[in-house]
There are 4 protein chains.
Amino acid sequence: MHRSTDSKQKKVGVKSKRRRLRPEARRLELVEAALSVLRSQGPINARVEDVTEAAGAAKGTFYLYFSSWEDLLIEVRAHLLSKYITEMQKRFPVEALSDWWAAFEKECVYFVDFVEELGDLHKAIFHGQIADHPIDSPISSGTVVSWMLKTGIESGACRHVEIDVAARLLFSVLHTTADSIGQMGDRERYLNSMFDLLRAWLRTSAPAVM
Amino acid sequence: MHRSTDSKQKKVGVKSKRRRLRPEARRLELVEAALSVLRSQGPINARVEDVTEAAGAAKGTFYLYFSSWEDLLIEVRAHLLSKYITEMQKRFPVEALSDWWAAFEKECVYFVDFVEELGDLHKAIFHGQIADHPIDSPISSGTVVSWMLKTGIESGACRHVEIDVAARLLFSVLHTTADSIGQMGDRERYLNSMFDLLRAWLRTSAPAVM
Amino acid sequence: MHRSTDSKQKKVGVKSKRRRLRPEARRLELVEAALSVLRSQGPINARVEDVTEAAGAAKGTFYLYFSSWEDLLIEVRAHLLSKYITEMQKRFPVEALSDWWAAFEKECVYFVDFVEELGDLHKAIFHGQIADHPIDSPISSGTVVSWMLKTGIESGACRHVEIDVAARLLFSVLHTTADSIGQMGDRERYLNSMFDLLRAWLRTSAPAVM
Amino acid sequence: MHRSTDSKQKKVGVKSKRRRLRPEARRLELVEAALSVLRSQGPINARVEDVTEAAGAAKGTFYLYFSSWEDLLIEVRAHLLSKYITEMQKRFPVEALSDWWAAFEKECVYFVDFVEELGDLHKAIFHGQIADHPIDSPISSGTVVSWMLKTGIESGACRHVEIDVAARLLFSVLHTTADSIGQMGDRERYLNSMFDLLRAWLRTSAPAVM
DNA sequence: TATGAATGAGCCTTCATTCAT
DNA sequence: CATGAATGAAGGCTCATTCAT
């Protein structure tokens with residue numbers, strides 16, 4: 001309830017072809033359609049039918065692949081996170097060896113951009129109904145951020161902080177920066193202030209690359 | 001849409017008398033009932049009727065005082081913020097004169113506790129449908145946090161940062177701390193990590209952190 | 001239901017003076033307020049509260065004078081008709097003696113103007129819920145139109161027609177003319193066509209004033 | 001609002017199977033159910049649910065085919081008019097060649113019968129909320145009546161009148177006759193008076209009425 | 001008498017989910 | 001596997017009517 005009020009017209013009698021796809025492909029199409037719909041209409045207004053329509057499938061098809069709307073959201077979240085993390089792991093470990101801090105800042109920017117692109121999506125995923133549903137540990141951003149901090153601390157480039165707590169705080173700082181940029185524009189200013197915070201908070205005074 | 005599926009019992013039989021109140025009193029009861037309902041059921045599942053029922057009023061009464069659900073949320077938010085800010089302004093300015101940093105840290109703890117008590121409420125209010133609705137400037141926490149930082153910078157106890165950006169970041173750090181405590185308990189540990197961040201980030205170097 | 005969708009805001013807590021009136025006066029104010037409201041908002045959108053508001057009375061006051069909305073409509077209809085008929089009886093009988101046809105045409109124009117001014121009101125009154133409710137015979141327009149025709153026939157100025165049937169037809173011709181003018185403007189053209197019909201239909205070929 | 005107060009029984013228990021129809025079939029069933037409901041309950045008391053129930057469909061089904069109650073009424077009107085006009089065009093043109101006036105009178109009777117059968121329906125359709133909604137020109141009765149008059153004038157069987165105005169008046173005369181018959185019975189008497197009017201008004205003086 | 005806050009039945013409309021084809 | 005028509009529980013909102021003051 002309480003959804004926004006632009007009405008959507010439903011229609012009957014328009015028939016389209018039957019597209020037979022491999023299950024994997026169909027499932028992926030639905031998830032990607034969901035991404036697009038959630039982004040463009042916002043999580044509050046997104047409906048099952050919008051998703052299937054965007055995916056070029058029939059409404060009923062949805063339930064062949066997802067048992068409920070929540071189920072889809074969980075899938076979408078996993079999809080996004082695992083995509084992000086895969087890319088991140090390609091980037092980060094290699095560079096991290098030589099100059100952790102530089103790699104870290106770069107990664108932060110990646111993350112900010114990633115979240116900013118998410119737009120309203122992150123509400124659906126991080127603050128919506130499934131907020132309480134646990135995330136598979138290997139793809140949890142918490143896990144990955146923690147691991148990143150850990151390597152930083154071990155390399156001496158990062159101050160000695162409580163990793164799990166710091167990971168949460170870091171996460172929210174990045175999120176807020178992304179939100180601010182999304183709302184206000186002025187990317188450079190927000191990034192600079194973020195770096196200012198991160199350096200003061202986490203960087204060891206001497207770069208100390210052992 | 002997509003609300004969670006716990007069924008709700010319709011109260012049966014117990015009808016009490018008509019209670020005639022003066023408008024402000026009834027309005028207040030409704031707002032307070034809304035607070036309670038939002039807290040206990042979460043914003044997704046809260047319905048108009050839940051609120052009126054909790055307030056001991058009939059469904060239609062709701063619409064004598066609020067033109068829609070959103071209207072209520074806005075009212076609830078204003079209610080909470082103005083309550084918080086009133087109290088804060090009683091506390092802060094006095095102490096701030098002598099030892100700004102101590103007052104600041106104390107205020108941060110107040111804020112964290114305030115948010116933590118909010119529980120699910122803060123989702124309804126800060127991440128829900130009315131997230132985009134502007135807050136009356138005088139009661140906006142952004143305004144107040146900014147003002148707090150400004151006094152800190154002027155008094156020399158706080159580093160020279162971009163106030164508006166820092167206010168956003170500070171806000172989210174406090175929020176995250178509150179959320180973490182709410183989820184994980186272990187208040188001291190999270191507060192300590194928060195202080196660690198705040199000191200490293202905002203404190204002028206005078207009293208070394210070590 | 002199915003009313004038009006402009007929402008009306010209700011308000012609480014605005015208090016006004018208590019006006020004590022003689023019952024007759026209050027009742028009349030309400031009826032006249034109803035006339036005004038029905039005219040301006042149309043019968044579909046008119047609400048009890050609109051009427052009392054327009055009359056400067058409280059909502060509950062309505063039910064001191066009318067037992068229901070229908071009751072009001074009946075009253076409004078009686079009010080209008082009796083007002084019209086009173087005026088008509090002042091006009092018609094006097095003139096009718098000397099030149100019935102001229103008086104008749106004049107009266108037709110009066111009637112058309114009267115109905116046209118009614119606007120949407122006549123829907124509420126002649127085609128709405130109370131359409132089936134009998135009208136007090138002495139103020140029924142049918143009665144009066146019949147009587148008018150009767151005098152015309154007796155005076156020889158009007159063709160010999162079945163009075164009750166002709167009265168219905170005449171009534172609808174006048175109504176339609178009024179509606180057309182209301183919709184299309186161009187009063188003269190519609191009146192002329194109406195006269196053309198009436199003359200061909202009802203006038204005796206020789207004026208035959210016996 | 002202000003609907004009449006007869007309570008309605010909610011049908012209980014008897015639930016039949018899901019009937020899957022092709023869209024046009026279901027749409028037709030709904031329109032016909034609407035016709036029946038409007039006839040029997042009158043436009044004021046008809047509800048969406050009455051229609052779906054009469055059509056043996058679920059409430060929600062209504063909104064698959066009509067976006068609102070008004071939308072349905074427009075459809076119903078179009079349905080009726082186009083049905084009538086189709087039949088009329090089969091009848092009229094053929095006969096009109098030889099004896100326009102006879103054909104015209106016959107058509108008038110058809111129309112009166114048509115309207116009389118409509119009963120309360122014509123309130124819903126000609127005096128209700130959609131009264132102002134334009135009718136598709138090809139099925140507008142005004143259009144057709146005008147065209148009928150035009151052929152009459154051209155054939156010399158009908159007096160030279162202002163076609164558009166006369167069409168309106170004719171229309172209302174037919175309507176009133178139908179209404180009268182519906183209320184009072186005595187069909188012959190009302191038809192005769194109507195013919196009397198029409199002949200005096202529209203017929204060229206050839207065959208004297210006597 | 002007058003007031004206007006309160007009530008709650010009623011109705012529209014939406015949409016996740018089901019299921020006949 | 002796919003389709004899309006059908007379902008019906010929900011819930012927002014309105015407003016005639018009641019009644020405590």
Side-chain angles (χ1 to χ4, degrees), chain A residues 1-3 5 7-8 10-23 26 47-50 52 57-65 67-69, chain B residues 1-3 5 7-8 15 17-23 26 47-50 52 57-65 67-69, chain C residues 1-3 7-8 10-23 26 47-50 52 57-65 67-70, chain D residues 1-3 5 7-8 15 17-23 26 47-50 52 57-65 67-69:
Chain A
M1 5 108 288
H2 312 313
R3 57 167 55 229
T5 48
S7 83
K8 275 167 213 188
K10 54 224 62 172
K11 50 226 134 162
V12 283
V14 268
K15 53 186 62 176
S16 64
K17 297 266 162 271
R18 182 172 212 156
R19 293 187 317 127
R20 191 156 202 141
L21 272 71
R22 266 175 306 110
R26 186 48 72 106
R47 298 175 303 143
V48 168
E49 193 163 10
D50 297 325
T52 52
K59 207 174 171 185
T61 303
F62 183 92
Y63 291 90
L64 297 177
Y65 295 92
S67 65
S68 72
W69 179 258
Chain B
M1 43 27 292
H2 310 314
R3 57 168 57 229
T5 46
S7 78
K8 245 163 247 196
K15 55 178 158 269
K17 291 272 158 271
R18 194 178 269 215
R19 291 187 310 125
R20 194 193 186 96
L21 280 71
R22 78 184 101 66
R26 178 68 76 173
R47 296 173 307 141
V48 167
E49 197 165 7
D50 296 326
T52 51
K59 205 173 172 184
T61 302
F62 183 92
Y63 293 94
L64 294 178
Y65 295 92
S67 64
S68 70
W69 180 257
Chain C
M1 248 275 49
H2 313 312
R3 58 166 56 226
S7 82
K8 274 165 218 192
K10 54 225 61 173
K11 51 226 130 167
V12 282
V14 266
K15 54 186 61 177
S16 63
K17 298 264 163 274
R18 183 171 210 159
R19 291 188 317 127
R20 192 154 202 145
L21 272 70
R22 266 174 307 111
R26 189 42 77 97
R47 299 176 303 144
V48 168
E49 192 163 10
D50 296 325
T52 51
K59 207 173 172 185
T61 303
F62 183 93
Y63 291 91
L64 296 177
Y65 294 93
S67 65
S68 71
W69 179 258
E70 289 205 0
Chain D
M1 320 27 223
H2 310 313
R3 56 168 57 230
T5 46
S7 78
K8 247 162 243 195
K15 55 178 159 267
K17 292 269 156 273
R18 192 179 270 215
R19 290 186 312 125
R20 193 191 187 97
L21 279 73
R22 88 178 94 64
R26 177 68 73 172
R47 296 173 306 141
V48 167
E49 195 164 9
D50 295 327
T52 52
K59 205 173 174 184
T61 302
F62 183 92
Y63 293 93
L64 293 177
Y65 295 92
S67 64
S68 69
W69 181 258

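A note on names: the letters A, B, ... follow the listed sequences, proteins ahead of strands, and every chain is numbered from 1. Any value given below was found using the heavy atoms of this structure, including those in side chains, with hydrogens, waters and symmetry copies removed.
Atom CD of C:Glu49 is separated from atom P of F:dT14 by 12 Å (rounded to the nearest Å). In this structure, the CG atom of B:Asp50 is 12 Å from the C1' atom of F:dA10, given to the nearest Å. Put simply, CH2 on B:Trp69 is 23 Å from P on E:dT13, counting in whole angstrom units. Distance, D:Arg20 CZ to E:dA20 C1': 6 Å, rounded to whole Å.
For D:Arg47 and E:dG10, a side-chain-to-base donor-acceptor distance below 3.5 Å is absent, hydrogens and geometry of angles not being considered. Counting distance only, with no hydrogens placed and no angle test, the side-chain atoms of D:Arg18 and the base atoms of E:dT18 include a donor-acceptor pair under 3.5 Å.
Toward the 5' end of DNA chain F, the nearer of the two residues A:Phe62 and B:Phe62, judged by each one's closest nucleotide, is A:Phe62. Checking A:Arg26 against C:Ser68, the closest nucleotide of DNA chain F that is more toward the 5' end is the one next to A:Arg26.
Stem regions for DNA chain F, each three or more consecutive Watson-Crick or G-U pairs with both distances under 3.5 Å and listed by first number, read E:2-21 with F:2-21.
In this structure, the side chain to side chain contact (heavy atoms under 4.5 Å, CB included) partners of D:Arg19, at least two apart in sequence or on a different chain, are D:Leu21, D:Arg26, D:Glu29.
Contact annotation for D:Arg22: no contact, since no heavy-atom pair falls under 4.0 Å across all strands.
Look at D:Thr61 and you'll find a side-chain N or O under 4.0 angstrom from OP1 or OP2 of F:dT7. In this model, the phosphate group of E:dA2 is approached by a side-chain N or O of C:Tyr65 to a distance below 4.0 Å at OP1 or OP2.
Atom OG of C:Ser67 and atom CZ of C:Phe62 lie 8.5 Å apart (nearest 0.5 Å). How far OH of D:Tyr65 is from OG1 of D:Thr52: 13.0 Å, rounded to the nearest 0.5 Å.
Distance from the side chain of B:Pro23 is smallest for E:dA5 among the nucleotides E:dA6, E:dA5, F:dT7. Distances from the side chain of C:Lys59 to the nucleotides E:dG4, F:dG4, E:dC15 place E:dG4 closest. Listed nucleotides F:dG4, E:dA5, E:dG8 differ in distance to B:Leu64; the shortest reach to its side chain belongs to E:dA5. The B:Ala57 side chain lies nearest to E:dT7 when the options are E:dC11, E:dT7, F:dC13. Each of F:dG4, F:dG8, F:dG12 was ranked by its minimum atom distance to the side chain of B:Tyr63; first place goes to F:dG12.
Contact detail for A:Tyr63 and A:Val48: the closest heavy-atom pair is OH-CG2, 3.8 Å.
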